S.K.: 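Just dropping this structure here.
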Amino acid sequence: QVKLVESGGDSVQPGGSLRLSCTASGFTRSHYSMGWFRQTPGKEREGVASIDSYGTAYHANFAKGRFTVSKDAAKNSLYLQMNSLKPEDTAMYYCAAGRYVADMLSDREYTDWGQGTQVTVSS
């Protein structure tokens with residue numbers, strides 16, 4: 001059983017920054033990809049950014065230039081640096097993991113999920 005725990009969510013003003021973290025445990029097999037997804041009430045969960053087992057990163061269009069996903073494989077940790085935050089970035093952010101992920105930003109590709117951390121961007 002893979003366990004994922006997110007942290008770092010907070011309330012910030014537009015233009016601010018946050019760094020989200022996800023610590024993972026229970027990986028027993030190789031080729032895990034990890035990603036960040038977000039969801040706002042009434043909307044479908046959407047991919048934000050992800051990174052595969054080799055360290056190749058993928059970012060959604062809305063995240064490019066503002067968000068950066070990274071990982072520390074030795075610590076089984078995933079990070080999301082978010083800069084220039086906008087009110088529309090307000091959402092619950094989830095960490096996810098999956099094996100042999102093809103569509104890196106599709107939530108259907110991931111099998112293990114954290115509980116989420118809330119990000120709120122407002123004046």
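Quick caveat: nothing in here was measured; it's all calculated off a predicted structure.
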S.K.: Once rounded to the nearest 0.5 Å, what's the spacing between atom CZ of Arg99 and atom OG of Ser33?
M.R.: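 Rounded to the nearest 0.5 Å, the CZ-OG separation comes out at 10.5 Å.
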S.K.: Taking all atoms of both residues into account, what is the closest heavy-atom pair of Leu4 and Ala24, and its distance?
M.R.: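 It is CD2-CB, 3.4 Å.
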S.K.: Please report the shortest heavy-atom distance between Cys95 and Met34, naming the atom on each side.
M.R.: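 Looking at all heavy atoms of both residues, the shortest contact is SG-CE, 3.9 Å.
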S.K.: I'd like to check Ile51 versus Met104 (side-chain heavy atoms, cut-off strictly below 4.5 Å). Are they in contact?
M.R.: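 Ile51 vs Met104: side chains apart.
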S.K.: Other residues, nucleotides and ligands only: do more than 12 of their heavy atoms fall within 6.0 Å of CD on Gln13?
M.R.: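 Not buried by this count: 12 neighbours or fewer within 6.0 Å.
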S.K.: For the rings on Tyr94 and Phe37, is their centre-to-centre separation under 6.0 Å?
M.R.: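 Not close enough - the centres of the two rings lie 6.0 Å or further apart.
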S.K.: Suppose clustering is done on Ile, Leu, Val, Met, Phe, Trp and Tyr with side-chain heavy atoms closer than 4.5 Å. Which residues sit in the same group as Val5?
M.R.: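 Once heavy-atom contacts under 4.5 Å are chained together, Val5 still belongs with nothing else.
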S.K.: When you look at Val2 and Tyr32, which way does the side-chain contact (heavy atoms from CB on, under 4.5 Å) test go after all the steps?
M.R.: CA-CA 11 Å; Val2 176; Tyr32 275 93; 4.0 Å; yes
S.K.: If every non-hydrogen atom of Ser50 is compared with every non-hydrogen atom of Leu105, which pair is closest and at what distance?
M.R.: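 For Ser50 versus Leu105, the nearest heavy atoms are OG-CD2, 3.7 Å.
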S.K.: Using the ring of each side chain (for Trp, its six-membered ring), is Phe67 parallel, tilted or perpendicular to Phe62, with breaks at 30° and 60°?
M.R.: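 The arrangement is perpendicular - the two ring planes meet at more than 60°.
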S.K.: If Ile, Leu, Val, Met, Phe, Trp and Tyr residues are connected whenever their side-chain heavy atoms lie under 4.5 Å apart, and connections chain through other members, are Val69 and Phe27 in the same group?
M.R.: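 Yes, Val69 connects to Phe27 through the hydrophobic network.
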S.K.: How close do Ser21 and Tyr79 get, heavy atom to heavy atom, and via which atoms?
M.R.: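 Of all heavy-atom pairs spanning Ser21 and Tyr79, the closest is OG-CD2, 3.4 Å.
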S.K.: Write out all pairs satisfying side-chain hydrogen bond (donor to acceptor under 3.5 Å, both in side chains) with one or both partners inside residues 36-46, taking only residues at least two apart or from two chains.
M.R.: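 Output for this query lists Arg38-Glu46, Arg38-Asp89, Arg38-Tyr93, Arg45-Asp107.
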S.K.: Any side-chain heavy atom of Pro14 within less than 4.5 Å of one from Pro87?
M.R.: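 Touching, per the 4.5 Å side-chain cut-off.
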S.K.: Kindly indicate whether the side chain of Leu20, heavy atoms from C-beta on, has any atom under 4.5 Å from the side chain of Met82.
M.R.: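 Result yes, sub-4.5 Å side-chain heavy-atom pair found.
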S.K.: Could you pull out the closest heavy-atom pair between Val121 and Lys86, with the gap in Å?
M.R.: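 Closest pair (atom of Val121, atom of Lys86, distance): CB-O, 3.3 Å.
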S.K.: Treating Ile, Leu, Val, Met, Phe, Trp and Tyr as nodes and any side-chain heavy-atom pair under 4.5 angstrom as an edge, say whether Val48 and Val12 lie in one connected cluster.
M.R.: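 Yes.
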S.K.: Any non-hydrogen side-chain atom of Val119 less than 4.5 Å from a side-chain atom of Leu18?
M.R.: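 Side-chain contact under 4.5 Å: yes.
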S.K.: In terms of hydrophobic clusters joined by side-chain contacts under 4.5 Å, are Met92 and Leu80 together?
M.R.: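 Shared cluster, no.
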S.K.: OG of Ser70 to CG of Leu78: how many Å apart, nearest 0.5 Å?
M.R.: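 So the OG of Ser70 and the CG of Leu78 are separated by 7.0 Å.
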S.K.: Does Lys71 use its side chain to pair, donor to acceptor, with the backbone of Asp52 at less than 3.5 Å?
M.R.: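 At least one qualifying donor-acceptor pair exists.
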S.K.: Test your reading of the model: is there a side-chain donor-acceptor pair from Glu6 to the backbone of Gly116, 3.5 Å cut-off?
M.R.: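 Indeed, once roles are kept as given, a pair shorter than 3.5 Å links the two residues.
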S.K.: Output the distance between atom CD (Gln81) and atom CZ (Arg66), rounded to the nearest 0.5 Å.
M.R.: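 Between atom CD of Gln81 and atom CZ of Arg66 there are 12.0 Å.
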S.K.: Strictly distance-based, threshold 3.5 Å: is any side-chain N or O of Ser53 a donor or acceptor partner for the main-chain N or O of His31?
M.R.: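 Flag not set: sc Ser53 to bb His31 has no pair under 3.5 Å.
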S.K.: For Ser17 and Asn83, run side chain to side chain donor-acceptor pair (under 3.5 Å): C-alpha distance rounded to whole Å, both residues' side-chain angles, the deciding distance at 0.1 Å, then the answer.
M.R.: CA-CA 4 Å; Ser17 298; Asn83 300 323; 2.9 Å; yes
S.K.: With sequence neighbours excluded, what pairs up with Tyr58 under the ring-ring contact (aromatic ring centres under 6.0 Å, His included) test?
M.R.: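 By the ring-ring contact (aromatic ring centres under 6.0 Å, His included) rule, Tyr58 matches no residue at all.
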S.K.: Short question: side chain of Ser106, backbone of Asp103 - any donor-acceptor pair under 3.5 Å?
M.R.: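 No, the answer is negative, given that no donor and acceptor are paired below the 3.5 Å cut-off.
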